[in-house]
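Here's the structure we're looking at; comments come further down.
Computation of the quantities below employed the complete heavy-atom set of this structure, encompassing side-chain atoms and omitting hydrogens, waters and symmetry-equivalent molecules. Keep in mind that what you see is a predicted model, and the values were worked out from it rather than measured.
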Amino acid sequence: YRVVPGIVSSAQEDAQEMARTGQLRHRGRNGGRREGIGFSTSGPDAACRACCYYGRYRVAELGVAYSPVRRGWFACIRYE
């Protein structure tokens with residue numbers, strides 16, 4: 001039995017991909033960490049607060065990107 005590692009991307013890369021496509025969705029490239037994603041038209045801080053697990057775990061990595069497609073902010077947070 002051997003484990004084949006999957007593609008791992010940064011939280012910023014995933015936030016930018018969501019912003020580009022306008023779709024809020026987990027990409028499955030988080031290396032097995034807990035991950036929260038969020039969206040808000042009120043700004044980047046509000047997008048972070050909308051992420052799953054926000055405030056429950058320590059943040060290991062954070063990415064935020066603006067989407068002209070949705071006219072709002074996408075956030076991706078990876079937790080320790």
Side-chain angles (χ1 to χ4, degrees):
Y1 178 77
R2 90 187 170 118
V3 176
V4 178
I7 297 171
V8 177
S9 62
S10 71
Q12 184 62 40
E13 288 171 323
D14 283 1
Q16 289 172 325
E17 179 69 12
M18 288 187 288
R20 186 184 67 75
T21 63
Q23 295 179 336
L24 181 67
R25 69 183 198 114
H26 291 281
R27 304 273 174 223
R29 303 181 300 188
N30 61 358
R33 289 185 183 160
R34 284 187 181 96
E35 177 181 79
I37 56 173
F39 173 80
S40 177
T41 57
S42 299
D45 290 337
C48 290
R49 287 191 302 273
C51 287
C52 315
Y53 307 117
Y54 182 80
R56 292 178 55 195
Y57 301 102
R58 281 183 24 163
V59 174
E61 188 182 5
L62 169 71
V64 180
Y66 180 75
S67 173
V69 175
R70 293 275 302 268
R71 295 187 179 127
W73 295 87
F74 285 91
C76 179
I77 300 177
R78 307 253 170 89
Y79 302 96
E80 291 182 358

query: Would Val59 end up clustered with Trp73 when hydrophobic side chains under 4.5 Å apart are linked, directly or stepwise?
result: yes
Are any of the side-chain heavy atoms of [X] and [Y] separated by less than 4.5 Å?
X: Glu35; Y: Cys52; answer: no
X: Cys48; Y: Leu62; answer: yes
X: Met18; Y: Ile37; answer: yes
X: Arg34; Y: Ile77; answer: no

At their closest point, which heavy atom of [X] faces which heavy atom of [Y], and how far apart are they?
X: Ser9; Y: Arg78; answer: O-NH1, 2.7 Å
X: Ala19; Y: Tyr66; answer: CB-O, 3.5 Å
X: Val69; Y: Arg20; answer: CG2-O, 3.7 Å

query: Out of curiosity, Gln12 CD to Glu17 CD, how far, rounded to the nearest 0.5 Å?
result: 12.0 Å
task: State the CG-CZ distance between Leu24 and Arg70, to the nearest 0.5 angstrom.
output: 7.0 Å
field: Residue of the set Ser40, Pro44, Cys51, Ser67 for which side chain to side chain contact (heavy atoms under 4.5 Å, CB included) holds with Phe74
entry: Ser67
task: Determine whether more than 12 heavy atoms belonging to other residues, nucleotides or ligands lie under 6.0 Å from atom OH of Tyr53.
output: no
message: If we ignore hydrogens and angles and just use 3.5 Å, is the side chain of Glu61 paired with the main-chain N or O of Ala11 as donor and acceptor?
response: yes
- prompt: Under 6.0 Å from the six-membered ring centre of Tyr79 and within 45° of its axis: does the NZ or CZ of Arg58 meet both?
  reply: no
